[in-house]
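Since the structure comes first, as structure tokens, the remarks are kept for the end.
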Amino acid sequence: MSQRRSQGQGQPRISLAEVTRAREETLPPGDGRTVGEDDGPTLRDLTECLFFSPGDGRIWLEDQRMVLVHNTSLGALRRELIERLGIARARGLLTRAGFVSGVHDAQLVRERWVDADPAAMFVAGTRLHSLEGVVKVDVVRLEFDPPRGTYDGEFLWHHSSEDDQHIAAYGVGSEPACWNQLGYAMGYVTTLLGKLTIFREVECRSMGHDVCRVIGRTADEWGDVSEDLHYLNAEGFAGVAHDPASVPTAAVLPSVACELPPLADRRLVGVSSAFNAAAQMLRRVAPTRATVLFVGESGVGKELFAQMLHTISPRAQSPFVSVNCAAIPENLVESELFGVERGAYTGAVSSRPGRFERADRGTLFLDEIGCLSLTSQGKLLRALQEGVIERVGGTRSMRVNVRVVAATNEDLRKAVAEGRFREDLFYRLNVFPVKLPPLRERREDIPLLLNHFLRHYNELHGRKVRGFTTRVVRALLNYRFPGNVRELQNLVERGVIVADDEGVIDLPHILRDEEAAREMLYSVGDKGRLDQMSPDGQSGGDHLLDRFREFASDAGDGPSLDALESQLVRAALDKADGNVSAAARLLGLTRSRMAYRIRKLQA
């Protein structure tokens, strides 16, 4: 290490291309095969995805914006996290941040090198980590079988940026410290393999070793991974029971028609920033008595969050009562909420308590609150304001101690403006609003959710499906998910039922709904690639050049497609004064795709 440092001092700067060539010449053999220029993303290919725009302050890795940050500033952030939150919580934050980065890099490799050999795609993660200045990776052993869902790899990490800062702050200790890098490896391989893969650091420079040694295997091959997944678990929720012998689930399933077996761990799990923001708000409001309003699209898990809010609150030992306001007939709303006395109306043969009474000292969850009529809203408002209810047909008022939690998938402010929802009730419910993100805004969580749902439905249906094919994972990572987590859950359950035992879930196993299939496959390009879709459902791969090729193809006789394409490429380069990035933007291409076409012209 000291020799390496002395060699670096006082050396002249070299170009990125020279670094690329030098690195390519020293790349390890990996799994025993050489990844050729046309066989997958070499470091040179990956380097071509990195470009700078100093004039407007942006750096890109393909279509992902990057930031060049001082490692010492990251070290300062790391120290403050450890000192303020403690080692366990700081490690969790850094691990989840690394996981998100790994997921994004895996998506980049999938979309850019669709036809690459699987070995090249897995090795590309090690090269990206080096290119990003995080750590130099040597492959010691790499064995994997995507159809069977197996992965076993061993790697050496040199010059870890995390170790540099951890050792500078705390010296050599007894525990590994490359937390962010472990999260990256887990996110990257889990996304490519379609099955949760756990990495463990068995040797670390922060423990006094010369290099860091890391081993990665799928969760089922490790056995007990509860401690590993604890750091991907949004720090858990204080007060929730945890069985260390069980594998933590990636999410708690929303209600389904059949009776699900009890889950070992009721913690919410997510690594995306959108999910963690909602989880943080949940932790803030849980100890209080404030009314909470969950807002989000259908299927995002509003009832799940409400149950977790109750579980981590001081009311956890009291009842949690849920009512779907959209499912109660108008003439029964009052009796369902407040109860009924015997003889109050025809058919009332006995007295029974309402939901408010049953939830006394606990939590009452009012789902789809926007579906109540104005009359029912008025009756509910009185109960919320005064904490007093009266059964239908009764003469005695009862005081109840109930925390009300409501949920809606519509804009209540708009409903108030349109006269469909009482303004006074809205402000009574909107004390602490929590917006729950749709799944398309937390795609980093999809690999964890896939693993959880696969494990759960294998157990529920007595199946032994091993995992997902590459194209399934790619499709789901790019799908818009109008049904959110509930839709993903249904797709995985369908796949578990249809796929062969001991087999894997493929695209035909989950595409049964024609509308979903059409939307998923809308963005398939001329090479069969599933390009990422924009929020409005349009394909990200619908480039100007692609549309031109379709037009030229329909034109019949005339210049060849290649000749027409070359004219467009040359014209764009001339207009951009030879700037490849600017020419690519003119044609609606990524810089790497433009560079590929330029190489074709020069061949």
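Scope of the values below: all heavy atoms of this structure, side chains included, with no hydrogens, waters or symmetry mates. Counting begins at 1 with the first residue of the sequence. Not measured: the values here are computed from a predicted model.
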Can you list the residues that meet the ring-ring contact (aromatic ring centres under 6.0 Å, His included) rule with [X], with sequence neighbours excluded?
X    : result
F155 : none
W179 : H166
F468 : none

Applying side chain to side chain contact (heavy atoms under 4.5 Å, CB included) to E132 and not counting sequence neighbours gives L61, M66, D105, L128, H129, V134, Y184
Shortest non-hydrogen contact between [X] and [Y], atoms and distance:
X    : Y    : result
L476 : I446 : O-CD1, 3.6 Å
N484 : L439 : OD1-N, 2.9 Å
L436 : A278 : CD2-CB, 4.0 Å
V135 : S160 : CG2-CA, 3.9 Å
D228 : F199 : OD1-O, 4.4 Å
I505 : A499 : CG1-CB, 4.1 Å

For the backbone of [Y] and the side chain of [X], can you confirm whether one donor and one acceptor N or O come within less than 3.5 Å of each other?
X    : Y    : answer
T190 : G187 : no
Y151 : F144 : no
T197 : K195 : yes
W157 : V214 : no
N71  : S161 : yes
R127 : L46  : no
R96  : G92  : yes

Decide, yes or no, whether a salt bridge links [X] with [Y] under the criterion of side-chain N to carboxylate O below 4.0 Å.
X    : Y    : answer
R440 : E297 : yes
K136 : D138 : yes
R205 : D210 : no

Only residue of L196, V103, T191, T95 satisfying side-chain contact (heavy atoms from CB on, under 4.5 Å) with M186 is T95
Taken in chain and number order and not counting sequence neighbours, the residues that satisfy side-chain hydrogen bond (donor to acceptor under 3.5 Å, both in side chains) with Q165 are none
The side-chain hydrogen bond (donor to acceptor under 3.5 Å, both in side chains) partners of E154 (sequence neighbours excluded) come to R141, R213
Check: Any side-chain donor paired with an acceptor under 3.5 Å for D506 and T469?
Finding: yes
Next item on the list: For D163 and S206, test the side chains for any donor-to-acceptor distance below 3.5 angstrom and give the result as yes or no.
Entry: yes
